[in-house]
Amino acid sequence: MSEEPVKKPTNFIRHIIDADLENGKNEGRITTRFPPEPNGYLHIGHAKSIVLNFGIAEDYNGRCNLRFDDTNPHKENSEFVEAIKADVHWLGCDPKENIFFASDYFEKLFAYAVELIKKGKAYVCDLSAEQIREYRGTLTQAGKNSSYRDRSVEENLTLFNAMRNGDFADGEKVLRAKIDMSSGNINLRDPTIYRVRHGIVHHQTGSQWCIYPMYDYTHCISDALEGITHSLCTLEFEDHRPLYNWFLEQLDVPHHPRQIEFSRLTLEHTVTSKRKLSELVEQGFVEGWDDPRMPTIAGMRRRGYSAASIREFCNRIGVTKAHNVVEMAMLEDCIRSDLNDNAPRRMAVLNPLKVVITNYDDSKVEDLLSANHPQNEEFGKRSIPFCNEIYIDRSDFAEVPPKKYKRLIPGGEVRLRNAYVIRCDEMIKDEQGELIELRCSVDADTLGKNPEGRKVKGVIHWVSAKHGISAEVRLFDRLFSHPTPDNTKDGSDYTAHINPEALRTLSHCVLENSLASAEIGQGFQFEREGYFCLDPAKTADGRPVFNRTITLRDVWAKMQSK
RNA sequence: UGGGGCAUCGCCAAGCGGUAAGGCACAGGGUUUUGAUCCCUGCAUUCCCAGGUUCGAAUCCUGGUGCCCCAGCCA
């Protein structure tokens, strides 16, 4: 059998690229770039862009640069730079030696600004920020020219150099492009291209500069300098494209990339705006950027999402210009399907209830050989100790069972997964009447075969009380109970919809002893419960912590909630 | 008549003049020592609306409607 070739995604951007290739543009070369601003951690929305840009580079034998858009040092820092590099790498994307910073081009950017001034296309403006806003006009009314618009080239040159030399305070002067104050496109109403910023140590250039270029001016030139052929960005930059092109047309740049916009990802039950994610971290709603409840790459990784599942998600949702809101179920299916194929099975009891097997020798221990994957023999087998004292989950016993319940009930039988059939003979309760233990008897003739003459429908998981290891398990759920917390009908704040159940900590779970050798991040299926992975943290008393990545599908729970 | 975009199943999304792919979700059924997985089956006579062109229109034309983005010295 031949391996099924991984089908390449198809979308309108790839169609454009195909057409460009057919027309012989850029000598058949394809170069893209992923341009994050290092002012926060990468999230699932960035993953869409990363997979798009690196995916195109790979499929077209091109290249994708990682370029930090670091023109606003006030908000940026190297912790974010390093985290972004790590996340891109973890996602399986390799920019190789092509890691750049917009700040690498500050000197060139300055020279291009001088060129603009010399061509009479830029001027130093003394208007205050408020005045600039007033002069800009409104959406329906044209703006008016700044009184500094007609300064001579010489004066502009002198002033711009003085700006660089630190002769002016923050806000005192800016450099503006001279375009058209009456344009219907507000971006073309003499946009600011350089501002003065004193007293900031830039994470890459230190204190070298006190003037910083703006995004619109920087981005297109950076793309041009790097020979980017297709500059892919989100829809809100559509209005900026005329400006992107304007700069490149005025300037003597080596190359003119094509900007193409696509719609950003909106995922239900979470938020993907850096401002909001920062707030969640800074205001302590979560424990950090890598909190497993966060839609950040780092958070999802810690939660147990694989890079492959995130890439699969990005390919499934596609790339278009249509506004879209993707259901969380789509993401959840991606990780379930990955882990179903790739996670070894284990047993773990989350809410332990002790069971004593009364007819089993209390000094005996049997090693039961169990498959690590029910459908894939390549996963091999492991041995699980069985003895007269075990734990089962409290939800797997019911004194008064609901309809169709097929787990353990008083006097009833159930199959212990990978082991024997037991019968519940007696319930032990404490003074408060709370169930604390079950006394059961085992049918010794049911190992690997069905009992004679009766059917046992239920199968439950268990862990040896004498061998199991104690652990903390964190059950994660959707961070927000509202599907679109930042866009509610009643206009409520997104923080009002944080799901208090998004994290439930179970401090005393019992895991199958083989889990003692689990590695951080490695995914396991805890049978009948879900997919879990070992967290880097330990409990205060040194016990392991496991994170629930996602539950198993559960039609029983669905039936019950109806 | 400010400018720029978008409208195909509950959600995502193919489709590019030849008679509506696929995935998710959902609903039934089968297998099963995970109420998991897996396997069947069903799920848009119709593509925002209305006209028009055509033998033939989701695709072309005309006119509407709805929704989104833009007035940072943020990106």
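Just so it is clear, the structure is predicted and the values come from calculations on it, not from any experiment. The analysis underlying the following values was restricted to heavy atoms, covering all of them including side chains, and did not include hydrogens, waters or symmetry mates. Below, chains carry the letters A, B, ... as their sequence lines are ordered, and counting in each starts from 1.
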Nucleotide B/C26, atom P - distance to CE of A/Met328 in whole Å: 15 Å

Residues in salt bridge (charged side-chain N to carboxylate O under 4.0 Å, His left out) contact with A/Arg345, at least two apart in sequence or another chain: none

Contact letters for nucleotides 33-42 of chain B, in which S counts primed atoms plus P, OP1 and OP2 and B counts the base, heavy atoms under 4.0 Å: BBBBB-----

Pairwise salt bridge (charged side-chain N to carboxylate O under 4.0 Å, His left out) hits with a residue in residues 324-335 of chain A, at least two apart: A/Arg316-A/Asp333, A/Glu332-A/Arg478, A/Asp333-A/Arg553

Sequence-distant partners of A/His46, ring pair (Phe, Tyr, Trp, His ring centres under 6.0 Å), two or more places apart: A/His43

Contacting residues from residues 124-132 of chain A, given that a heavy atom lies under 4.0 angstrom of RNA chain B: A/Leu127, A/Ser128, A/Ala129, A/Ile132

Residues forming a salt bridge (charged side-chain N to carboxylate O under 4.0 Å, His left out) with A/Arg264, sequence neighbours excluded: A/Glu236

Set of residues satisfying ring pair (Phe, Tyr, Trp, His ring centres under 6.0 Å) with respect to A/His203, sequence neighbours excluded: none

Atom-to-atom span, CZ of A/Arg264 to P of B/C6 - whole angstrom: 17 Å

Contacts of A/Asp396 that satisfy salt bridge (charged side-chain N to carboxylate O under 4.0 Å, His left out) - sequence neighbours left out: A/Arg407, A/Arg528

Nucleotide-resolved protein contact map, nucleotides 65-72 of chain B, B/S/- at heavy-atom distance under 4.0 Å: ---SBBBS

Under 3.5 Å between N/O atoms: give me all the protein pairs with nucleotides 7-10 of chain B, atom names plus distance.
from  : atom 1 : to       : atom 2 : distance (Å)
B/G10 : N2     : A/Glu327 : OE1    : 3.1

Counterpart residues, salt bridge (charged side-chain N to carboxylate O under 4.0 Å, His left out), relative to A/Asp338 (two or more places apart): none

Distance, C1' atom - from B/C70 to B/C9, rounded to whole angstrom: 33 Å

Value in whole Å for how far the C1' atom of B/G23 lies from CD of A/Glu332: 16 Å

Partners passing side-chain hydrogen bond (donor to acceptor under 3.5 Å, both in side chains) against A/Tyr105 (at least two apart in sequence or in another chain): A/Glu226

